[in-house]
Undergrad: 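Sharing a structure here in structure tokens format.
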Amino acid sequence: MKFLRIKLVGCLNSFRQPDFQTYHKTLPLPPKTTVGGMLGAALGISPKEVNDEWLEKQRFLMGIVGKANGKANDLWQIRKYESKQLASYKKFRDDVEKGTLKHEYEAITPYKTAVIVRELLFASEYVLYLTFQDDKDFSLIREHLDKPIWALSLGREDELIRIEEIKLLEVEEKEGVFLQNTVVPANTNDEKYTIDLSQRIGMSNLLSEAPKSVKLPMSFIHKKTGETREANTFQDFIFVSQLPIKFNSRNAYWDNELNIGFQIF
């Protein structure tokens, strides 16, 4: 199968796992919606256009292999605006203007503060494989990744990435491939797999290296205002770490040049 192979590096990147709230745990690799956002930046189109034209229509499939060379935590202080808080603040402001302050107020600011910790990946290296339904999209995307309309990022807008190489190549499927540092469109409850425990030298405990299942959004519904969105469709994924995993009922694509395997979704 024909792929665009894109080598990417980032300084600080994060891909928030949806089921974490006050602690923003990151996924080890960017999901398809994030990669779609990067392509949208290259093309200079809105998130809604990315969703409608590229994600919902399955205009591209992808595979990815990569890892970070470290992690850090970013401490945020956020402001939370609530109706009760705003009502109390309005009462306080009205009384100040009238000079009729008579009692203590529940709120003298229109917001409450809260602390959030966001996990960041440091010095990440990714190899992204893209294939397209329409052959014209290979040249379209390659051209715009070489000369993007907007700055390219993976994660938040300021989490920039640098493209080190773009190459068009053929990659074939193989049986019995052990996968590392990648993501597979499946669920650990449904898939049987084999672990190569001989590769555990120098790794942390087995629990932290075990494959992990996460349900992720694959497309969104954008509100009419264009400012908010909600997840529309979901899919299960298995994130594979450094510990080699072979899925018994699944083949994988094998890049002979880089000696890495991946599956597409």
Side-chain angles (χ1 to χ4, degrees), residues 4 6 8 10 13-64 76 78-86 111 114 116 118-121 126 128-134 136-137 140-141 144-145 148-161 183-190 212-239 263-265:
L4 271 184
I6 307 156
L8 308 162
N13 301 90
S14 60
F15 318 109
R16 182 184 173 187
Q17 192 166 320
D19 51 353
F20 282 74
Q21 187 174 354
T22 55
Y23 178 69
H24 288 188
K25 184 175 179 62
T26 183
L27 299 166
L29 294 167
K32 189 174 184 178
T33 51
T34 300
V35 172
M38 182 191 73
L39 299 183
L43 295 167
I45 61 177
S46 69
K48 187 177 188 307
E49 289 177 278
V50 172
N51 181 76
D52 296 348
E53 298 299 323
W54 290 84
L55 296 176
E56 288 195 343
K57 293 182 179 180
Q58 289 284 305
R59 195 164 162 180
F60 74 97
L61 296 175
M62 63 167 277
I64 191 166
W76 291 5
I78 64 169
R79 294 176 177 180
K80 300 171 66 175
Y81 293 85
E82 300 173 354
S83 57
K84 183 178 179 181
Q85 184 90 4
L86 290 169
Y111 55 81
I116 285 179
R118 188 177 183 100
E119 189 176 42
L120 302 175
L121 301 173
Y126 308 112
L128 176 64
Y129 296 86
L130 298 177
T131 188
F132 303 93
Q133 294 182 18
D134 189 337
K136 294 179 182 178
D137 285 338
L140 174 69
I141 293 299
H144 281 85
L145 288 176
I149 304 298
W150 300 327
L152 301 181
S153 63
L154 281 176
R156 295 172 293 182
E157 288 185 0
D158 59 347
E159 295 175 345
L160 303 179
I161 52 96
V183 58
V184 175
N187 188 300
T188 51
N189 294 327
D190 304 325
K212 296 177 176 62
S213 288
V214 182
K215 186 183 290 290
L216 297 175
M218 296 297 288
S219 65
F220 299 92
I221 298 174
H222 287 257
K223 302 298 184 180
K224 290 183 179 180
T225 60
E227 297 179 357
T228 59
R229 65 180 188 177
E230 62 183 38
N232 182 32
T233 59
F234 293 84
Q235 186 172 347
D236 290 317
F237 290 94
I238 300 173
F239 284 84
Q263 293 187 0
I264 59 175
F265 49 92

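This chain uses plain numbering: 1 for the first residue, then up along the sequence.
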Undergrad: Taking all non-hydrogen atoms of both residues into account, name the closest pair between Leu29 and Ile64 and its distance.
TA: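 Leu29 and Ile64 have their closest heavy atoms at CD1-CG2, 4.1 Å.
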Undergrad: Is Lys48 atom NZ crowded by more than 12 heavy atoms from other residues, nucleotides or ligands, each under 6.0 Å away?
TA: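 Open.
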Undergrad: Going from CG on Leu154 to CD on Glu159, what distance comes out if it is rounded to the nearest 0.5 angstrom?
TA: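 Reported to 0.5 Å precision, the distance equals 9.0 Å.
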Undergrad: Test your reading of the model: is there a side-chain donor-acceptor pair from Thr26 to the backbone of Phe15, 3.5 Å cut-off?
TA: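 Pair found, side chain donor or acceptor close to backbone of Phe15.
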Undergrad: To the nearest 0.5 Å, tell me how far Arg156 CZ sits from Arg118 CZ.
TA: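 Here the rounded value is 4.5 Å.
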Undergrad: Gln263 side chain to Pro185 main-chain N or O, any donor-acceptor pair under 3.5 Å?
TA: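 No; zero donor-acceptor contacts below 3.5 Å.
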Undergrad: Keeping Asn232 on the side-chain end and Ile221 on the backbone end, is there a donor-acceptor pair under 3.5 Å?
TA: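 No; zero donor-acceptor contacts below 3.5 Å.
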Undergrad: Which distance, rounded to the nearest 0.5 Å, do you find between the CD of Gln235 and the CG of Asn187?
TA: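 So the CD of Gln235 and the CG of Asn187 are separated by 11.0 Å.
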Undergrad: List the steps and the verdict of side chain to side chain contact (heavy atoms under 4.5 Å, CB included) for Asp137 and Trp54.
TA: CA-CA 11 Å; Asp137 285 338; Trp54 290 84; 3.9 Å; yes
Undergrad: Assign the ring pair Phe132 / Phe60 to parallel, tilted or perpendicular, where the plane angle (0 to 90°) is split at 30° and 60°.
TA: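 Ring orientation of Phe132 relative to Phe60: tilted.
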Undergrad: Does Ser213 offer a backbone N or O that forms a donor-acceptor pair with the side chain of Thr188 under 3.5 Å?
TA: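 Pair absent, no side-chain N/O of Thr188 close to backbone of Ser213.
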Undergrad: Where the side chain of Lys32 meets the backbone of Ser219, is there a donor-acceptor pair that is under 3.5 Å apart?
TA: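 Side chain of Lys32 to backbone of Ser219, a donor-acceptor pair under 3.5 Å: no, none is there.
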Undergrad: Should the pair His222 and Phe220 be assigned to parallel (<30°), tilted (30 to 60°) or perpendicular (>60°) ring geometry?
TA: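 His222 vs Phe220 ring planes: perpendicular.
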Undergrad: Can you name the closest pair of heavy atoms from Phe239 and Pro28 and give their distance?
TA: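 It is CD2-CG, 3.5 Å.
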Undergrad: Would you check if the side chain of Asn13 reaches a backbone N or O of Gly155 as a donor-acceptor pair within less than 3.5 Å?
TA: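 The answer is no, because no donor-acceptor pair under 3.5 Å joins these two groups.
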